[in-house]
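Below, read A as the first sequence line, B as the second, and so on, with proteins coming before strands; counting in each chain starts at 1.
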Amino acid sequence: MIEILASPAFNTIQDLGRHGARGIGVSTSGAMDPVALAAGNALLGNEDDAAGIEIQTFPFRLRFQEDTTFALTGADHVSTLAGLSMRPWWCKRARAGDILAIGTPRRGARVYATFGGGLDVPRVLGSRSTHLRAGFGGLEGRSLQTGDVIPVGKPPREAARRFDFGAAPPDVAIPGAGPRDDGVLRIRVMRAGEYDLFSEAMQARFWSTAWKASARSDRGGYRLTGDKLTLDAPIEMRSHGVVAGVVQVPPAGEPIIQMSDANTAGGYPKMAAVIQADLWRLGQAAPGSFITFRDVSYQDAVAAMAPVNDYLASLRAAADLYRQL
Amino acid sequence: MSINQPSAPLVGAIEKSPKISLIGTLAMLVEAPGEFDLIQQGRIWALADAASSWPNVQEAVIGVTNVMLVFEQPPADIGMLGASIVELWHRLPGRKADGKVIEIPVIYGGELGFDLPAVAKHTGLPAREVIRIHSEGDYTVCAVASSPGFGYLHGLDPRIHMPRKSVPSLNMRAGSVTIGGMQTGVAALSSPNGWNAIGWASVAMFDPQREQPSLMLPGDRVRFRIDRIEL
C-alpha cells in the first residue's frame, strides 16, 4: 500500500489506456507520455501497461506503507526518498515508512511513478486508467487526494533482487527526440482529411507558425494560439471518431490537438494528426511551450516508431539482466 | 454517348464511393457520400460490423454516416485496404435499424427542462405542442459518441429544430433530454452542454459495471414517453 500525503490537483492513476470502448463513447484516457509509463514498468519488470501515477501538479508526496520497489520516469524533476535525493529515470526499493517527495519538473510536464506489481485498482472496461469526466477507473474515478491509500499488486518474481539503477530517458537516447536549443518542440504530423480544404496561404501558415500551447491545455487537448487558420467557405462536418493527436481547427481558427482524455467524436475540420512516435513527446509539453509542425509521409510515420520500440525493448532487456546480476 | 439519350444510365444511379482518409497511422475514417439519412447510416453499420472482425482492426467506431477504423498496428498497404473498403461498400447490403426499442419516460419542462420556453418561443409553438411533437417522434440511434453512452438520434421533427446555445449551460444534469440543432438526445453525464434542455429522464444512460454499459447502441430505436409535464 502507498499513502498519498500531498497531491495538488489532477494527478491520476493511468495505464496505457482503455481501448475498444470508443464505440460506446468511452475515450481511451491513458498516460499522456506512454513511453515514460512503459519504461517505468520495464525498469521494475512489470508489464508495460501496469498502472502508475501520472503526476502533473507538484509538489507530490507519498508514504510507502511496506517495502516496495518503484521507479520515477517522465519529466526531468527533483525528488527525494527518505530525505535523500533521487535521480529521475531511476528505480529503487523503498522501505516501509519512507516518504517520496517529487518537486516541479525542470523540463517536461509529467512525472510517472510506477510500482513493482503495479497499482492494484479494479479494471473498468479493461483498463485501470482514470476517466475523470465519467468518474470511473483509477481510484473511484477521480484525482488523487491527501489521505488516499492505494494497494500495490504482487511484484514480479525477481523483485527480491537488485534494484537501484536507472536508464537514459528517450529524449536523450533517441536521436532527434530532444528539444532543440530554442526550446521549440518540433512535432511530426501527417496531413489529415480536410487539409486540402485550406488555402495554400493557410496551409503555409500552419507549417510556419510557432504555436503556443495555451494555459487552457490539459489532458483533454492542447489549445494552440499564435495565428488563425480559416477556411474560405465554412464547412459542416458530421460527428466522427477521432484519436489522440488529431489537430482540429474550430471556426475561431485556433487549432486544438486532441489528447488522452479527448472525446471519442469530433466535428471540426482536421488539418493533421501527430504521428504516434511523437505523441509521447507532445505529452510532455507544458502549457506555455511552443510547438512547430513538420509534414511526414505515412511510410516515414510508420518507420518513426522503430526507434521508440527499440528503445523500450532494449531498456527492458537491460533492466531484466541487471536485476539478475 | 450523351447522358441525354434515353438508353444512358441516369447520373444519379452512378454510385459515389465513400471518402477515405487517414488520421495518423492508426486510424482511418470512412465517410459515406451523400445526405445524412438512415439508408447511408445503415450501410455504415454494415461496414462497421464487417470491418470490426478484420485482423488488425481494434475497433470500428461508428459516427454520423461515417466509421473510423482503429488499428492495432499501422496497415502495411493502405491503398489496398482502401480499395477493399470501397468494394465492400458497394457490395454490402445495409443494416436496418433492427436493434431494441428503448422507451424513455420524460418529465417535460420544469426545473430541469429549463430551455422549454425558449424552444417554444423559437419555434412559434406552444410548449405543449413542442412536447407532443417530441414525444410522438420515432428516433433511431445512429451512433454512440462524444461521452459515454450518449446516443446521436435521428428523427427529430423539423418543426422543433432549435439551434445550439452560443453559451453552454455550465452544468447540465445527466438525464437531461435535449435538442441541439436537428438532433435530440439524452445527456449521459452531468457536464457543460450547449444543447437545449426540454425535460429530464431518470434513466442511467451509462453504467460501466453493466454487462452492456451503454443503454443505447447503434441501430436501436428510441421513444420518448410523457411521464409528467411541468409548465
Value for CE (M202(A)) from CG (L229(A)), rounded to nearest 0.5 Å, stands at 7.0 Å
The interface call for L26(B) against chain A, heavy-atom contacts under 4.5 Å, is side chain
Honestly, the part of Q212(B) sitting under 4.5 Å from a heavy atom of chain A is side chain
Max heavy-atom pairs within cutoff under 4.5 Å with chain A, candidates I20(B), T25(B), V61(B), goes to T25(B)
- [ ] Compute the centroid of each ring, for F206(A) and then for Y195(A), and state whether the two points are separated by less than 6.0 Å.
- [x] no
So, the part of S239(A) with a heavy atom under 4.5 Å from chain B: the answer is both
Decide yes or no on salt bridge (Lys or Arg N to Asp or Glu O under 4.0 Å) for D15(A) and R128(A), but give the supporting numbers first.
CA-CA 6 Å; D15(A) 58 20; R128(A) 295 186 164 97; 5.9 Å; no
Whatever's closer than 4.5 Å to a heavy atom in chain B on I24(A) counts as both
query: Taking the six-membered ring where the residue is Trp, are the ring centres of H240(A) and Y268(A) under 6.0 Å apart?
result: no
Of S21(B), S214(B), P208(B), the largest count of non-hydrogen pairs under 4.5 angstrom with chain A goes to P208(B)
Heaviest contributor of heavy-atom pairs below 4.5 Å to chain B, chosen from E194(A), R238(A), K270(A), is R238(A)
Whatever's closer than 4.5 Å to a heavy atom in chain A on S147(B) counts as both
Turns out that what part of Y298(A) lies under 4.5 Å from chain B's heavy atoms comes down to both
In terms of heavy-atom contacts, T184(B) and W195(B) come closest through C-CZ3, 3.8 Å
If one checks every heavy atom of V70(B) against chain A at 4.5 Å, the contacting part turns out to be side chain
Q | Under 3.5 Å side-chain donor-acceptor pair for N56(B) and E72(B) | A | no
Check your understanding: Ring centres of F198(A) and W207(A) under 6.0 Å apart?
Key -> no
Okay, V302(A) and chain B: the region with an atom under 4.5 Å from a heavy atom over there is both
Answer key: most heavy-atom pairs under 4.5 Å with chain A among V67(B), L217(B), T65(B) is T65(B)
One option among E31(B), Q73(B), M216(B), Q58(B) has the most heavy-atom pairs under 4.5 Å with chain A, and it is Q58(B)
Under 4.5 Å to a heavy atom of chain B? For A262(A) that would be neither
Margin query: Between T130(A) (side chain only) and I13(A) (backbone N and O only), is there a donor and an acceptor less than 3.5 Å apart?
Written below: yes
Of R133(A), Q276(A), M237(A), the largest count of non-hydrogen pairs under 4.5 angstrom with chain B goes to R133(A)
Answer key: most heavy-atom pairs under 4.5 Å with chain B among S27(A), A192(A), A134(A) is A134(A)
Just wondering, more than 12 heavy atoms not from I235(A) lying within 6.0 Å of its CD1?
yes
**Worked verdict on W280(A) versus Y311(A) for ring pair (Phe, Tyr, Trp, His ring centres under 6.0 Å)** = CA-CA 13 Å; W280(A) 66 272; Y311(A) 166 79; 7.8 Å; no
Bottom line for V242(A): the part with an atom under 4.5 Å from chain B's heavy atoms is backbone
Okay, L22(B) and chain A: the region with an atom under 4.5 Å from a heavy atom over there is both
Discussion item. I'd like to know if the side chain of R188(A) reaches the main chain of R294(A), judged simply by a donor and an acceptor atom lying under 3.5 Å from each other, with no hydrogens or angles considered.
Written reply: no
